[in-house]
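Have a look at the structure below before the remarks.
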2 protein chains.
Amino acid sequence: MTPKKSGGPKPGGERRGRGRPACFERETALCAAMRLFWERGYDGTSFDDLTGAMGISASSFYNTFGSKEALYHEAIEAYLRVAGGWFFDALAREGGTRAAFDALMAAAAVEFTRDDQPAGCMISTAATQCSPGQVRVRDLLAGQRTRADAALATRLERGVADGDLPESTDANALAAFYGSLLRGMAVQARDGASRERLREIARIGMLAWPDEGA
Amino acid sequence: MTPKKSGGPKPGGERRGRGRPACFERETALCAAMRLFWERGYDGTSFDDLTGAMGISASSFYNTFGSKEALYHEAIEAYLRVAGGWFFDALAREGGTRAAFDALMAAAAVEFTRDDQPAGCMISTAATQCSPGQVRVRDLLAGQRTRADAALATRLERGVADGDLPESTDANALAAFYGSLLRGMAVQARDGASRERLREIARIGMLAWPDEGA
DNA sequence: GGATTTATGGAGCGATGACACCAAAAAAAA
DNA sequence: TTTTTTTTGGTGTCATCGCTCCATAAATCC
């Protein structure tokens with residue numbers, strides 16, 4: 001255990017161990033799994049599907065990711081990090097609250113219909129119906145959806161505080177409305193709706209924005 | 001093979017055959033299957049789950065309904081007939097177009113949160129993500145959703161013709177908006193949202209109704 | 001180079017999936 | 001009662017599921 005390591009002990013996140021190095025990149029494999037889960041859902045994606053798309057063997061899979069369910073957890077995190085950034089970006093953006101939601105809904109129309117990704121949203125439409133054995137996965141997804149709505153509500157509350165919205169605004173109800181609309185748009189996208197059609201839905205959704213006079 | 005049939009060949013729909021009568025009612029068993037599919041989805045529901053809930057054996061199942069997929073088709077029809085009537089009733093109701101959609105959205109909030117039924121909608125949230133092997137089921141569901149949106153659009157077009165909506169109204173886009181919102185509400189219901197919360201979402205959705213002045 | 005450490009491919013496990021078959025049972029018709 | 005028709009329970013089949021084990025290959029450290 002003399003500190004004469006070859007290069008550095010752990011230069012960043014890259015592990016420089018002693019044994020044989022892996023012949024795949026963890027992040028790349030994870031993204032492949034994410035796309036597959038996104039496209040097919042949790043139990044629509046089999047072990048063999050996963051190892052095939054990730055380009056690794058069953059044993060590599062198991063001692064790198066632990067289990068299918070653990071991988072799904074990581075895939076969700078990867079989704080939020082890699083493909084779901086637009087959601088949080090729109091909420092964090094400068095400018096008025098209405099402009100933020102306008103941008104959010106417009107971004108959803110674009111992101112749900114990218115031809116380099118599966119249609120719709122990985123989380124919005126996942127595990128809404130499932131067998132008793134997958135109740136943990138369902139609760140995980142339901143929790144993520146609740147958190148998304150909570151993020152919307154937080155932004156709306158800030159809008160009320162900033163004077164962008166009437167004092168009488170029910171931020172939780174309005175957040176639930178926009179959250180519902182986003183999820184419905186995700187289903188439409190999955191069923192093949194065009195970007196323009198989603199953009200229209202988003203535009204109509206903004207007509208429900210609380211009036212100053214309300 | 002003498003043509004001396006017993007009495008009447010098929011008096012109505014009630015089959016009075018010669019052999020042993022079934023010890024279960026077809027409709028009752030079908031409804032039990034519908035509820036199970038509604039709660040757990042197509043592949044979240046196993047053969048054994050079904051036969052158990054329906055109270056019949058595997059062979060009775062097979063020669064009464066043909067296959068799991070054929071039963072699912074029948075369950076969808078049963079859903080539309082038994083539990084989905086409110087949708088078409090609201091669209092067919094007397095009065096203005098806006099009142100019809102108001103009633104529709106209010107009914108959705110009620111129907112999605114009945115304690116004598118699974119939460120949400122059997123069709124809205126089903127098979128949005130699935131394996132390649134279940135593409136037929138997915139297309140069936142997507143088709144039903146498309147038909148629902150088409151029904152909304154037809155009613156809206158009538159509204160335009162009746163003068164209830166501005167000539168400039170894009171009926172297809174507006175139908176897609178309300179269709180999306182309904183599906184999002186179904187997801188919320190599945191995640192445990194209360195009837196009052198859904199009622200609020202529906203109310204906000206009606207704020208997007210086209211202005212006469214638009 | 002030799003020892004050590006780690007990843008890899010492949011075979012195989014028990015469980016469950018949907019479905020199929022068959023002899024026995026039950027009820028109407030003759 | 002006998003015949004005919006149909007349902008029924010039980011058992012079996014074949015595929016797939018997620019997962020595990022083990023001998024081997026490939027790197028690093030001494």
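Note that the structure is predicted; figures quoted are calculated from it, not measured. Here is the naming used below: chain letters follow the sequence lines, and residue numbers restart at 1 for every chain.
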* To do: Would you tell me if any nitrogen or oxygen in the side chain of A:S46 comes within less than 4.0 Å of OP1 or OP2 on D:dT16?
  => no
* Would you mind reading off the distance between B:D48 atom CG and C:dG17 atom C1', rounded to a whole angstrom? => 8 Å
* **Whole-Å distance separating the CZ atom of B:F24 from the C1' atom of C:dA26** => 15 Å
* Asked: For the side chain of A:Y62, counting heavy atoms from C-beta on, which of D:dT20, D:dG18, D:dT7 is nearest?
  -> D:dT20
* To do: Pick base, sugar-phosphate or nothing for B:D43, based on heavy-atom distances below 4.0 Å to the nucleic acid.
  => nothing
* Asked: Once you round it to whole Å, what is the distance between P of D:dC17 and CD of A:Q134?
  -> 13 Å
* To do: Using a 4.0 Å heavy-atom cut-off across all strands, classify B:T45 as base, sugar-phosphate, or nothing.
  => sugar-phosphate
* Any chance the rings of A:F47 and A:F61 have centres within less than 6.0 Å? -> yes
* So, is the end of the B:K68 side chain (NZ or CZ) under 6.0 Å from the ring centre of B:Y42 and within 45° of the ring's axis? -> yes
* **Nearest-Å distance for atom pair CZ/P, residues A:R26 and C:dT6** => 16 Å
* Asked: How is B:F61 classified with respect to the nucleic acid when contacts are heavy atoms under 4.0 Å: base, sugar-phosphate, or nothing?
  -> nothing
* **Side-chain N,O (B:S57) to OP1/OP2 (D:dT8) below 4.0 Å** => no
* Quick one: B:F65 CZ to D:dT7 P, roughly how many Å, whole number? -> 12 Å
* **5' priority, DNA chain D, between A:D49 and A:A58 [closest heavy atom]** => A:D49
* Asked: Among C:dT8, D:dT8, D:dC19, which is the nearest nucleotide to the side chain of A:C23?
  -> C:dT8
* Length of the line joining A:E25:CD and C:dA7:C1', which is rounded to integer Å -> 16 Å
* Structure fact -> Picking from D:dT7, D:dC19, D:dA27, the nucleotide nearest the side-chain atoms of B:S60 would be D:dT7
* **Complement of C:dT16, any strand, by Watson-Crick or G-U distances under 3.5 angstrom** => D:dA15
* Asked: Do B:R195 and B:D115 sit within salt-bridge range, that is, some charged N less than 4.0 Å from a carboxylate O?
  -> no
* Asked: Can you find an N or O donor on one side and an acceptor on the other, under 3.5 Å apart, linking the side chain of B:S59 with the base of D:dG9?
  -> yes
* Asked: In terms of the angle between their ring planes, are B:W209 and B:F101 parallel, tilted or perpendicular, with boundaries placed at 30° and 60°?
  -> tilted
* For atom CZ of A:F47 and atom C1' of C:dG9, their distance in whole Å -> 14 Å
* Charged N to carboxylate O below 4.0 Å: is that the case for A:R203 and A:E200? -> yes
* Integer-rounded Å distance: C:dC19 C1' and B:L50 CG -> 13 Å
